[in-house]
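This chain uses plain numbering: 1 for the first residue, then up along the sequence. Numbering of ligands and ligand atoms starts at 1, following listing order.
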Amino acid sequence: MKKKLVFATNNAHKLEEIRAILGDKMEILSLADINCHADIPETANTLEGNAHLKSEYVYNHYGLDCFADDTGLEVEALDGAPGVYSARYAGDGHDSQANMQKLLKEMEEKNNRKAQFRTVISLIEKGEEKLFEGIVRGEITREKRGNSGFGYDPVFQPEGFDVTFAEMGSDVKNKISHRARAVKALCDYLSKKS
Ligand code: IMP
C-alpha cells in the first residue's frame, strides 16, 4: 500500500504540482480529503513558523504525517519586507493589485532593487520535523509587466531573465520558481527514503 502524506493546503495548483512528482510513490491528501475545514492560524512572524503551525496542526489533530508550505517576497532595501506578510502587505484583503502598488511606492526612491522569493516547507513525520527551502533571486521592476501568474509576479524579474514572472508563462516559471525548488528538495528527500 502506498504511504499517505497530507499536504496542508486546498490550493489545486499546488496539489497538482506535487502529485505529478510524487503521485506514483505516495498518496498525497489535501485538507479537504481528510475532512479538515478549519482555518488553520498563520500567526507566526517567520515563514518557518507559519509552515510549522500548519503541519503541526494536522499532525496533532489527525495523527497523520503532513507537510505545509509558506512563501514570502523578501526585498533587500526594505529589510526583508513584505516577507511573511506578503499576502496582506496592503491590508487584510489579500489584494494583489494593492500589494504591488504599495511595494512600487515603497521602492520609488530605491536604487537597490534586489529581492527574492523564498518558500519554506515543514514536514512532520512520526512527530519529527524537517524543513526544506527554495529561493529564487531577482529584482523588483519599476512598473508592472505581464498578465500571467498571480501575486507579485508582474513586478518580479528573476535573475538571468529580462522578463517578469508574469511575462514568462507558467511553464518556465514553474521550473525555476522558489516553490518548485522547495518542492524538489522535499521530493528528493522523500524519494530517497521510499
Ligand atoms: P503562500 O504562502 O503560498 O500563500 O504565499 C503568500 C503570498 O506570497 C501570496 O499571497 C502572494 O502574495 C505571494 N506569493 C507566493 N508565491 C508567489 C509567486 O509565485 N508569485 C507571486 N507572488 C507569490
**Study point:** Mutual orientation of the aromatic rings belonging to H178 and F165 [parallel < 30°, tilted 30-60°, perpendicular > 60°]
**Key:** parallel

Show which side-chain atoms of residues 77-87 pair as donor or acceptor with protein atoms under 3.5 Å away, not counting sequence neighbours.
{"from": "S86", "atom 1": "OG", "to": "L73", "atom 2": "N", "distance (Å)": "2.9"}
{"from": "S86", "atom 1": "OG", "to": "G83", "atom 2": "O", "distance (Å)": "2.6"}

**Study point:** K144-Q97 side chain donor-acceptor pair, cut-off 3.5 Å
**Key:** yes

Revision key, fill the gap. Joining Ile, Leu, Val, Met, Phe, Trp and Tyr whenever any side-chain heavy atoms lie under 4.5 Å apart, the cluster holding Y59 also takes in I124

**Study point:** salt bridge (charged side-chain N to carboxylate O under 4.0 Å, His left out) partners for E167, two or more places apart
**Key:** R145

Write out each pair where an N or O from ligand 1 and one from the protein are under 3.5 Å apart, with the distance.
{"from": "ligand 1", "atom 1": "2 (O)", "to": "D70", "atom 2": "OD1", "distance (Å)": "3.1"}
{"from": "ligand 1", "atom 1": "2 (O)", "to": "T71", "atom 2": "N", "distance (Å)": "2.9"}
{"from": "ligand 1", "atom 1": "3 (O)", "to": "K14", "atom 2": "NZ", "distance (Å)": "2.9"}
{"from": "ligand 1", "atom 1": "16 (N)", "to": "H178", "atom 2": "NE2", "distance (Å)": "3.4"}
{"from": "ligand 1", "atom 1": "16 (N)", "to": "R179", "atom 2": "NH1", "distance (Å)": "3.3"}
{"from": "ligand 1", "atom 1": "19 (O)", "to": "K173", "atom 2": "NZ", "distance (Å)": "2.7"}
{"from": "ligand 1", "atom 1": "19 (O)", "to": "H178", "atom 2": "NE2", "distance (Å)": "3.1"}
{"from": "ligand 1", "atom 1": "19 (O)", "to": "R179", "atom 2": "NH2", "distance (Å)": "3.0"}
{"from": "ligand 1", "atom 1": "20 (N)", "to": "D153", "atom 2": "OD1", "distance (Å)": "2.6"}
{"from": "ligand 1", "atom 1": "20 (N)", "to": "K173", "atom 2": "NZ", "distance (Å)": "3.4"}
{"from": "ligand 1", "atom 1": "22 (N)", "to": "Y152", "atom 2": "N", "distance (Å)": "3.1"}

Exercise for review: Decide whether L29 and M26 are clustered together by the hydrophobic rule: side chain heavy atoms of Ile, Leu, Val, Met, Phe, Trp, Tyr closer than 4.5 Å, transitively.
Suggested key: no

